[in-house]
Amino acid sequence: MSQELSKTYDPNAVEKAAYERELAAGAFHADPSVEAPAYTIVIPPPNVTGSLHMGHALDNTLQDVLIRWRRMEGRNTLWMPGVDHAGIATQTRVEKKLLEETGKNRYEIGREKLVAAIWEWKAEYGDRILEQLKGLAASCDWDRTRFTLDDMCARAVRQIFFDLFRDGHIYRGKRLVNWDPATQTALADDEVEHKETQSKFYHLRYPLTSGEGHVVVATTRPETMLGDTAVAVHPDDERYQKLIGQTVTLPLMNREIPIIADHWADPTKGSGCVKITPARDPNDYEVGLRHDLPMINVMHPDARINENGGAYEGLDRYAARKKIIQDLEAQGLVERIEEITNEIGHSYRSNAAIEPYLSDQWFVAVKSLAAPAIEAAKDGRLKFHPERYQRTYLDWLENLRDWCISRQLWWGHRIPIWHADGGDEADFEKAFSGDPQTTWRRTENGQGWLVCSMKDLAGDEVKGVTLERDPDVLDTWFSSALWPFSTLGWPESTPELKRYYPTNTLVTARDIITLWVSRMVMFGLYGLGELPFTDVFIHATILDGEGQRMSKSLGNGVDPLDIIATYGSDAMRFTLAHMTTDTQDIRLPVERDAEGRNTSKRFEIGRNFCNKLWNASRFAFMNLEGATRKPLDPKALPVEDRWILSRLQKRIAETQSALEAFTFHPAIDGLREFFWNELCDWYLEIIKPRVKEGGESGQAALQVLATCLDRSLRLFHPFIPLITETLWWKLNEVVPERGLPGHDELDSPELLVNAPWPKMRETLRDETAEKSVEQMIAITRAVREVRSEHKVGPKDTIPLEIAAASLPGLDEAGHIVREMAGVSEITCTQGGGASSDAATFHLEGVEYRVKGVVDQEAEKQRLEKQLEKLRGEKKALEGRLSNAGYVDRAPAHLVQESRDRLAQVETEIDGLAARLKG
RNA sequence: GGGCGAUUAGCUCAGUUGGCUAGAGCGCUGCCUUCACACGGCAGAGGUCACUGGUUCAAGUCCAGUAUCGCCCACCA
């Protein structure tokens with residue numbers, strides 16, 4: 001061996017080198033010209049503002065498992081990496097930085113300079129999270145790293161916007177939208193988070209203009225009253241029939257507003273009268289449209305009261321609320337104030353309370369786009385794992401309202417529309433007809449024109465009017481929705497697009513099924529006529545030990561970089577994959593380590609396993625040096641060899657089907673069990689004497705061992721790539737050729753990342769050997785228990801007697817019991833009783849006697865414990881068999897098994913009882 | 001208000017289409033510093049599968065309801 005391996009696995013000493021070697025070899029690079037079936041994953045692009053958290057670690061570990069597995073299977077594999085420009089989040093962050101540095105806000109800085117500053121910031125920090133992903137060993141094709149604002153993605157955005165506008169799926173109109181006063185932009189419905197809030201419910205009196213009393217209206221937002229233009233009652237509400245058509249005088253504003261009849265007013269709620277503020281409430285807006293009411297906007301974009309707010313102009317919304325209530329109370333117009341909890345919408349980025357705000361915005365009319373997306377899930381072309389998430393997707397798509405895509409921001413894809421205030425259709429015709437890259441349409445109010453173009457317009461193209469570019473940018477999710485194909489060069493017909501689209505699997509968390517997944521499906525189907533992917537794997541959300549979301553403000557987050565530093569990247573990946581069951585949440589109990597960092601003991605399972613793998617490999621390498629390889633007849637091998645080879649085949653098959661079903665926990669847990677329990681605890685221990693002795697048998701064992709280790713490294717590689725890669729090099733050095741010639745052979749390239757995935761070999765399956773060895777293991781365990789209970793010294797050997805004429809398989813497998821249980825000799829003796837110094841146990845109705853044990857009291861206790869257990873079982877079996885329904889209706893083989901078992905149990909009980917008596 | 005999920009050992013979780021005595025890791029107890037590994041080995045203790053009913057020969061598993069916790073969606077004044 002050129003270099004000794006350390007006694008304890010030290011991830012920091014090997015992980016970096018392993019990854020860099022894979023990287024340097026170009027192992028992650030995808031070549032569209034390679035003629036193999038493609039397997040593609042696009043990364044959920046992390047925000048440029050982001051840094052790696054546990055959710056990313058989990059998400060990307062699972063993607064890497066799938067990618068590395070498919071790559072080993074021989075697929076032409078592409079894992080497309082990249083980052084998202086994250087409009088609001090990024091702009092807000094840089095704005096804040098500039099405000100701190102220069103004291104200037106974005107309007108003082110100006111659009112051009114701010115955007116330039118954000119690009120600078122992006123150049124500096126934009127790739128940080130991708131660098132962090134490399135610490136996870138992510139095997140992305142880094143040469144293709146994309147950014148949602150780069151030229152390639154911009155081209156796709158422009159094209160799809162153009163197509164949608166031309167086809168009438170995009171429109172502009174004055175609508176009530178969700179307004180974020182903090183960042184001063186519109187938001188889409190699903191960018192609004194509803195939070196339970198303690199609020200006050202104000203019941204206000206509006207005096208009738210006639211002077212004959214008042215009506216009572218209720219609101220949680222009294223400042224909106226400044227914009228009230230009516231009071232509504234239900235048309236059938238008998239209490240108010242005579243008021244319909246009268247007017248009230250709006251307090252504080254002294255505006256006379258009508259009392260109208262509208263079905264929106266609910267007689268069962270409050271007084272049955274409802275104030276109507278069309279410019280401030282979605283329902284009131286509808287009422288306003290029906291009754292042609294004035295729509296008075298009383299707020300500035302930053303939520304201060306504007307010139308329509310009379311005396312309250314200039315006050316912030318909350319200050320205005322306070323003052324309005326004071327003033328109304330002074331006039332005796334507050335009937336009462338209740339404390340209530342209600343749900344208030346907040347911006348998912350700025351966390352500011354949303355105001356409904358009447359403004360001109362761009363929308364995607366989603367109904368016709370949603371229909372094919374719904375269809376695809378319903379007919380099974382698009383599959384969710386776990387299946388239940390299909391409902392989230394469908395519910396959302398089926399209740400979709402038009403998507404507001406314009407944002408009053410500067411960081412993003414600028415809307416490719418030019419406005420004209422007026423102009424004649426003929427002039428537009430003259431300027432653009434025959435230009436397939438430009439299309440135009442009347443504005444909604446019929447007075448101007450909207451021109452959409454694939455190329456930037458100068459503004460003077462049309463006679464008599466000036467074209468001005470729309471200042472808004474698109475919702476970030478608009479470009480994210482194109483990610484599976486914008487990154488491959490669409491709308492150009494690139495080799496990448498042809499080879500890798502549609503992609504295969506999307507791996508993400510459930511919170512963006514609506515924001516992202518559904519929109520990719522809609523746009524993929526619209527733009528390319530094909531689904532962007534066929535399978536969506538939704539993994540769990542990681543919570544802390546108390547079931548709370550990990551967050552910076554709570555200080556309960558575990559930083560993956562800390563875990564990598566202390567446990568290693570592979571240990572973290574192992575643990576994360578191991579935790580991936582189909583549950584919706586994962587709890588990760590958090591503790592502080594000595595350096596004050598948050599950590600979690602959960603990662604020990606991964607670290608411990610890596611150490612086991614390392615040391616078992618070390619043991620193998622020590623013995624494998626100079627081992628020979630030659631053709632073997634698997635059927636002629638010793639029983640333990642046939643057993644472990646057969647177990648290996650089963651594990652290969654299980655791993656394969658588990659990965660195909662996206663069930664990560666069973667996949668890695670099965671492999672763990674194979675390696676640790678079957679290979680290390682039993683096989684390795686069983687063959688030690690053979691190996692020590694050397695010779696033909698020892699050589700054969702080593703050849704089997706090398707094969708098992710080789711296949712294990714391959715199978716584990718997708719989960720824990722770096723340690724397996726490192727061990728692979730050593731294995732290549734020590735035993736360049738592995739496998740069983742003629743029976744199980746695979747190429748062993750220089751790097752494991754390029755090695756072929758193991759195949760299950762039917763000819764190496766051996767049920768007889770499995771049964772035989774499992775029986776020996778059971779006997780060994782029972783003897784060990786006796787030894788432990790009777791405090792037999794570790795080096796003392798003891799004889800074992802079997803109360804039977806013979807035991808099938810004993811000749812070839814008996815050595816396992818002798819060596820593993822410290823048994824000096826095994827004899828079969830039919831009939832006769834056990835000697836008084838013997839401890840007995842039963843397996844499958846056969847009595848075993850461990851001779852030379854002296855502690856009578858200990859033995860008595862052992863036997864009584866066993867007897868109690870057996871009597872319980874006997875009772876259960878008898879109960880079952882005396883039930884006519886069971887005997888008649890249960891499958892015959894189960895009934896027979898019960899009978900057989902009962903017979904065994906009875907024999908064993910008789911044996912034990914006799915023993916206790918004697 | 002609608003939808004979804006969880007409740008199994010002290011802790012974190014497995015448990016395939018209902019079928020022998022419900023498993024794992026950590027923690028705990030005893031033994032073992034045996035020439036791969038103490039981040040280890042061997043043996044062991046520990047559970048009326050949240051509760052109540054129902055279906056069935058048979059329920060942790062299927063159905064209905066209850067309780068507790070959590071998530072998502074929703075324009076209630």
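Proteins get letters first, then strands, A, B, ... in listed order; numbering begins at 1 in each. These numbers were taken from a predicted model, which means no experiment stands behind them. Values reported hereafter were calculated over all heavy atoms of this structure, with side chains retained and with hydrogens, waters and symmetry mates removed.
- Checking the phosphate oxygens (OP1, OP2) of B:rA6, no side-chain nitrogen or oxygen of A:Arg388 falls inside 4.0 Å.
- Between the side chains of A:Tyr348 and A:Glu191, at least one donor N or O lies within less than 3.5 Å of an accepting N or O.
- Using P as the reference atom, B:rG23 and B:rU16 are 14 Å apart when rounded to the nearest Å.
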### Task
Do nucleotides 38-44 of chain B as a string where each nucleotide becomes B, S or -: B if the base has a protein heavy atom under 4.0 Å, S if just the sugar-phosphate does, - if no protein is that close.
SBSSSSS
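- At the heavy-atom level, A:Lys874 lies nowhere under 4.0 Å from the strands shown.
- Using a 4.0 Å cut-off between charged side-chain N and carboxylate O, A:Lys688 and A:Glu819 make no salt bridge.
- Under the 4.0 Å criterion applied to side-chain N and carboxylate O atoms, A:Lys874 and A:Glu878 are assigned as salt-bridge partners.
- Among the heavy atoms of the strands lying under 4.0 Å from A:Glu685 is at least one base atom, whether or not backbone atoms are also near.
- Comparing B:rU55 with B:rA59, their C1' atoms are spaced 10 Å from each other, to the whole Å.
- Nucleotides B:rG30 and B:rU68 place their C1' atoms 39 Å apart, quoted to the nearest Å.
- Within the 6.0 Å centre-distance limit, the rings of A:Phe716 and A:Phe609 are counted as a close aromatic pair.
- Here, B:rG40 and B:rG60 have their C1' atoms 34 Å apart, quoted to the whole Å.
- Of the C1' atoms belonging to B:rA64 and B:rC28, the separation is 41 Å, rounded to the nearest Å.
- The separation of B:rC75 from B:rA6, taken at their C1' atoms, amounts to 31 Å, rounded to a whole angstrom.
- Taking atom P in both B:rU52 and B:rA67, one finds a spacing of 15 Å when rounded to whole Å.
- When A:Ile564, A:Leu588, A:Thr566 are each tested for a side-chain contact (heavy atoms from CB on, under 4.5 Å) with A:Phe603, only one passes: A:Leu588.
- A:Arg391 comes within 4.0 angstrom of sugar-phosphate atoms only, judged by non-hydrogen atoms across all strands, and of no base.
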### Summary
Going 5' to 3' through nucleotides 69-77 of chain B and flagging B where a protein heavy-atom sits under 4.0 Å of the base, S where only the sugar-phosphate is that close, and - otherwise, we get -BS--BBBB
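- Within the nucleic acid shown, A:Thr583 comes within 4.0 Å of sugar-phosphate atoms alone, with no base atom in reach, counting heavy atoms only.
- Distance check on atom C1': B:rG19 versus B:rC62 gives 14 Å, rounded to whole Å.
- Looking at which nucleotide of RNA chain B each of A:Ser617 and A:Asp395 is closest to, the 5′-most match is held by A:Asp395.
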